[in-house]
Amino acid sequence: MPIAICPLPSPPPLPMSHDPLQILSERFLDAMRGAFGDRLPEGADPMIAASRNPQFGDYQSNAAMPLAKALGMKPRDIAAQIVEKLDLSGVAEPVDEHTIAGPGFINIRLDRGALAGLLDALDSPDLGIEPPESPSTIVVDLCGVNLAKQMHVGHLRSTVIGDTIARVFERLGHRVIRQNHLGDWGLPIAMVTRAVMDRAAKGEIDLDAIDLDELDALYKSAQKSCDPESAGEAAAENLARAKTTLVALQSGDAETVAAWKRISDITVNECVAVCARLHATVLPEHTAGESTYRDELAGIVDDLLSRGVAEESRGAVIVDLKDAGIAEPLLVRKSDGGFLYATTDMAAIRRRVQKFGGDRIIYAVDARQSLHFRQLFAAAKKAGYAKRPDGTDAQLDHAAFGTVLGEDNRPFKTRTGENVKLADLLDQAVERAGAAVKEKNPDLSPEDQRIVAEAVGIGAIKYTDLANDRVRDYVFSFDRMLAFEGNTGPYLQYALVRIRSILRKAKAEHGVDEAALGGDGAMLRIEAPEEKDLALLILRFPGVVRTVADSLEPHRLCGYLYEVSTAFSGFFQNCPVLRAQDDVMRLSRLRLCRLTGRVLESGLETLGIVALDRM
RNA sequence: GCGCGCGUAGCUCAAUUGGAUAGAGCGUCGGCCUCCGGAGCCGAAGGUUGCUGGUUCGAGUCCAGCCGCGCGUACCA
């Protein structure tokens, strides 16, 4: 098909996207083709971006500079020729002396009518995020609790970050499969199972009534009893009994399996309850314990050996990864014949890609396991376990996160060096939030205060965890996250509360129903600078959600929502809504409020943070 | 030793994946309530982005080498 050398006299009228980045990209690409024709390099990018500084317009194209070399021209001349062919009718203001600036930046200012039109188009049920033409299947590994152990801060990050990543892909219309890779197999599990069975036999515990706190204590004492350092002579015998229990468990001994199952149920129930309180979608059906792979492990190793992917070394079986640039091999079988977590993880990749149809497998796991995942991913690809039906490999990502630190900059622990129980941490946040709510809004009923405290306290913890750059460590501080100032969860919740308050009042005092504000009910008029700032931000929403999906960095959504909230505050301060000069302006501003509120609602929902009517 | 990560205002953190004059909050100083929720808004001061080179029109961002901190590094998970 021949390429049109001449610029089209008018842009194609349809389809009209509401994403300015896309519209401008198309217009600029047309202009670039018009200006340079066949000389335009393959894949030349208009490089449209929202401008950081209002003085440089609303959007800018940085296309001219990279083209300088290929075209053998000065960037400013290139920019001039692009602008010459540029048709921005119906989108942006005409060019002026500021259009080309610096080395060759092309600055664009949307015209007010187009801005309103774009906002209007975005004001759809999906807020400008259309379902993908072909949805992908995304598997998210999250939570990762261990049998007979309470959830602690380490699980907080995996659960919160993993759930948010899952929500982002769901928001974009993809199919998401959550996997809680429960640590329910192996020698440590056998130790605690043995301990539980012994105590039950002696009548010291009641298996029907035992709770996770007791199991947690038993887990620790069982570990100690097998450690020569603390148990001395008895350790060897205890360890031997644990190994015997492991064999019994593996061979399906009814009594052992029953005890193990009971421990598992208690753990999963408690985990699901904590996750529910965290407002994170982790349900019993997402549980995929290591035990569910137990029958595949021998086959995995045999398969790897028979195809030459793995080899024997020092009595163990390894996958050599030097060709992938990794010095350390992946161990898939110990010299005593036992399997390792790497073996299980290999089986998990195979299941997730080849059985579940995963296109992208994402692990929300501590950064300290980086090497393990580099090895695992390389080995899985080498073995072909990540291969999709079309022959290409699924994308494997380790969404690594840093450590939660205490005020002393050491990993967050109690004074005695124990892990902090996650449920206790949540209680404390809710209690502190409750005190603040009581002080700031004493008129709320006790019941409402309780609901608000729960949403604010939990939201504050989650938001802090999500708002920091994922891979960095961060310092846990109730005071900072509950200060209700700056980039915090409560600030976003408050911004939304104010919006909802206005909408309630609009109905009560002006009879304006919220539903009537969509579509033709209220014409948008974007005039004041604060209105324009807010409008431009709202238009960025779909792009931000996609960026989070690409980068797996939820903090980008947090930062964006914070910007929307501050822009709304500026608007709210300077632009009277209910007391606007006339009905048209009032309706326009109410609609802008509602649209802002919908972006915040959708954003908070994607972060898994509860939106409130009052606080 | 080797590998991975991090280093940005006094403190806690951003910076549209290489774009223009590095931005927020806290703290400090100064303003804004006959006004839709003040848990708010506006302003001021505060920076050699750990150091030194390099790549290019352009570097907090990429590369190399140092410095500092953290975490890993063959049979725990």
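Just so we're clear, the structure is a prediction, and the values are computed from it rather than from any experiment.
Ser335(A) contributes a side-chain N or O that forms a donor-acceptor pair with the base of C75(B) under 3.5 Å. Between the side chain of Asn107(A) and the base of A20(B), a donor-acceptor pair under 3.5 Å is found. A donor-acceptor contact under 3.5 Å links the side chain of Ser313(A) to the base of A74(B).
For the side chain to side chain donor-acceptor pair (under 3.5 Å) with Tyr474(A), the lone residue among Asp465(A), Thr403(A), Thr464(A) that qualifies is Asp465(A). Checked against Leu396(A) for a side-chain contact (heavy atoms from CB on, under 4.5 Å), the options Tyr363(A), Phe377(A), Phe373(A) give a single hit: Phe377(A).
Helical stems in RNA chain B, defined as runs of 3 or more consecutive Watson-Crick or G-U wobble pairs with both donor-acceptor distances under 3.5 Å, are listed by first residue as B:1-7 with B:67-73, B:10-13 with B:23-26, B:28-32 with B:40-44, B:50-54 with B:62-66.
When distances are taken from the side chain of Ser569(A) to each of U12(B), U21(B), G40(B), the shortest belongs to G40(B). Candidate nucleotides U8(B), C76(B), C36(B) were compared by shortest atom distance to the side chain of Val577(A), and C36(B) ranks first.
Residue order along RNA chain B, read from the 5' end via each residue's closest nucleotide, puts Ala101(A) first among Gln573(A) and Ala101(A). Nearer the 5' end of RNA chain B, as judged by each residue's closest nucleotide, is the contact made by Ile48(A), out of Ile48(A) and Ala436(A).
Using a 4.0 Å heavy-atom cutoff across all strands shown, Ile326(A) reaches no nucleic acid atom at all.
Taking atom CG of residue Leu67(A) and atom P of nucleotide G58(B), one finds them 17 Å apart after rounding to whole Å. One interatomic measurement links the two molecules: OH of Tyr474(A) to C1' of C26(B), which rounds to 18 Å at whole-angstrom precision. Rounded to an integer number of Å, the gap from Gln60(A) CD to G58(B) C1' is 13 Å.
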Between Glu514(A) and Lys507(A), is the salt bridge (charged side-chain N to carboxylate O under 4.0 Å, His left out) condition met? List the steps.
CA-CA 7 Å; Glu514(A) 203 185 316; Lys507(A) 185 173 170 81; over 6 Å; no

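Counting heavy atoms from C-beta on, the side chains of Met191(A) and Thr245(A) never come closer than 4.5 Å.
Ring orientation note: the planes of Tyr341(A) and His372(A) are close to parallel, at an angle under 30° on the 30°/60° scale.
Near RNA chain B, defined here as any heavy-atom distance below 4.0 Å, the residues from residues 546-555 of chain A are Ser551(A), His555(A), listed numerically. Using a 4.0 Å cut-off on heavy atoms, the residues of residues 494-503 of chain A that approach RNA chain B are Tyr494(A), Val497(A), Arg498(A), Ser501(A), Ile502(A), listed by number.
Between Arg586(A) and C36(B), a side-chain N or O to OP1/OP2 separation shorter than 4.0 Å is absent.
In this structure, Phe572(A) forms no aromatic stack with the base of G40(B), since the conditions of centre separation below 5.5 Å and plane angle below 30° are not both met.
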